2 protein chains.
Amino acid sequence: MDFEIAEQNIVDFEKIEKIKKVLPQDDLIFEIAELFKVFGDSTRMKIISSLLEDELCVGDIAVLTNSTPSAISHQLRVLKQTKLVKYRKEGKIVYYSLDDEHVREIYEKGREHIEEV
Amino acid sequence: MDFEIAEQNIVDFEKIEKIKKVLPQDDLIFEIAELFKVFGDSTRMKIISSLLEDELCVGDIAVLTNSTPSAISHQLRVLKQTKLVKYRKEGKIVYYSLDDEHVREIYEKGREHIEEV
DNA sequence: TAAACATATGAACAAATATTCATATGAAAG
DNA sequence: CTTTCATATGAATATTTGTTCATATGTTTA
């Protein structure tokens, strides 16, 4: 009798079981990945870099990033949805700022990695 | 005389100039974004989560992530290129492990953000 | 109230990218 | 030395995603 479905490639079954137990749930891992995906774009990264310095309105961010206000608005929506930025309105002008100290910390860690390697 | 090229949308010119001076260079921002892009994928995030526990070979990672060894191998290449994982060979088996304490720190910060919001 | 302005939004297009499949490489075992 | 096994890799495909363009919303000013 030959088993077609071999336990192929598994080197250490016990180790796998042990790690399986402590691994975060799929949906948590998914959410973490989604968060980092937001950091993983040059335009958004530049927006974040800028907002690390001061609150800014859409038009000013567009100038700083060499983008169009439309493109920036789209990206700010992404940052808003992920709770990375917040905003306040002053007439027709909307000022955006960072919403979470984690943003700064994550950014710093990323920068450290780049600058050290 | 009318200026076609208006300084449209600029709200605070001085603020912009000030921030422009302290903003990281475009290529640094690009590299940081590229780094986070690597974290921004469920499969790679799961690989990283697993490697936070122990070193693992390709086959075992494939099992843990419900992926094929081929897909994992592709992703490990990405993680290798970004200096996030290192490996050691033992015969035909290749063991991967995290290459940088930043990986753990970045992961933790991301997780904190998700779990607090 | 009409015009100008800042921002937002939806659809469409182009570019990037993760997985699959077939195959290659290189090591261990028979 | 031939087969089996673990991993790697290239090409192709399918999906995701960022930007653009046109237009909408809402606010200020003329």
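Values below: every heavy atom of this structure, side chains too, minus hydrogens, waters and symmetry copies. Naming: A, B, ... by sequence-line order, numbering from 1 per chain. The model shown is predicted, which means the values in this text are computed figures rather than measured ones.
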Q) Nearest to the side chain of B:Ser73, which nucleotide is it out of D:dA8, C:dA6, C:dG26? A) D:dA8
Q) Thinking salt bridges, do A:Glu115 and A:Arg111 make one under a 4.0 Å N-O criterion? A) yes
Q: Round to a whole Å and report the spacing from CZ of B:Arg44 to P of C:dT19.
A: 8 Å
Q. Quick one: B:Ile61 CD1 to D:dA6 P, roughly how many Å, whole number?
A. 14 Å
Q: For A:Thr68, report the nucleic acid contact type (base, sugar-phosphate, nothing); a contact means any heavy atom under 4.0 Å.
A: sugar-phosphate
Q) Between A:Lys89 (NZ) and D:dG26 (P), how many Å, whole number? A) 9 Å
Q: Specify the closest pair of heavy atoms between B:Gln75 and B:Ile47, including all atoms of both residues, with the distance to one decimal.
A: CB-CD1, 3.9 Å
Q | Phosphate-side-chain proximity, B:Gln75 and C:dT17, N/O vs OP1/OP2 below 4.0 Å | A | no
Q.
Can you tell me if A:Thr43 touches the phosphate of D:dT19, counting only side-chain N or O atoms and a distance under 4.0 Å to OP1 or OP2?
A. yes
Q: For C:dA8, take OP1 and OP2 only and decide whether either is under 4.0 Å from a side-chain N or O of A:Tyr96.
A: yes
Q.
Just the rounded figure in Å: distance from P of D:dT17 to CG of A:Leu79.
A. 14 Å
Q. Could you state the NZ-C1' distance from A:Lys92 to D:dA30, rounded to the nearest angstrom?
A. 12 Å
Q: Determine, for A:Asp26 against B:Lys46, whether the closest basic-nitrogen to carboxylate-oxygen distance falls under 4.0 angstrom.
A: yes
Q | Which atom of A:Tyr95 lies closest to which atom of A:Cys57, heavy atoms considered | A | CD2-N, 4.0 Å
Q) Can you find a donor-acceptor N/O pair under 3.5 angstrom joining the side chain of A:His74 to the base of C:dT7? A) no
Q: Say whether, by atom type as modelled, one donor and one acceptor occur between the side chain of B:Ser49 and the main chain of B:Met45 under 3.5 angstrom.
A: yes
Q: For B:Arg77 and C:dA24, give me the distance from atom CZ to atom C1', rounded to whole Å.
A: 14 Å
Q | Side chain B:Ser70 and base D:dT7 donor-acceptor under 3.5 Å | A | no
(Q) Can you work out whether A:Glu90 or A:Ala71 has the more 5'-proximal nearest nucleotide on DNA chain D? (A) A:Ala71
Q.
Tell me the interatomic distance from A:Lys37, atom NZ, to C:dA16, atom P, rounded to whole angstroms.
A. 17 Å
Q) Rounded to whole angstrom units, what separation is found between the CG atom of B:Asn66 and the C1' atom of C:dT20? A) 16 Å
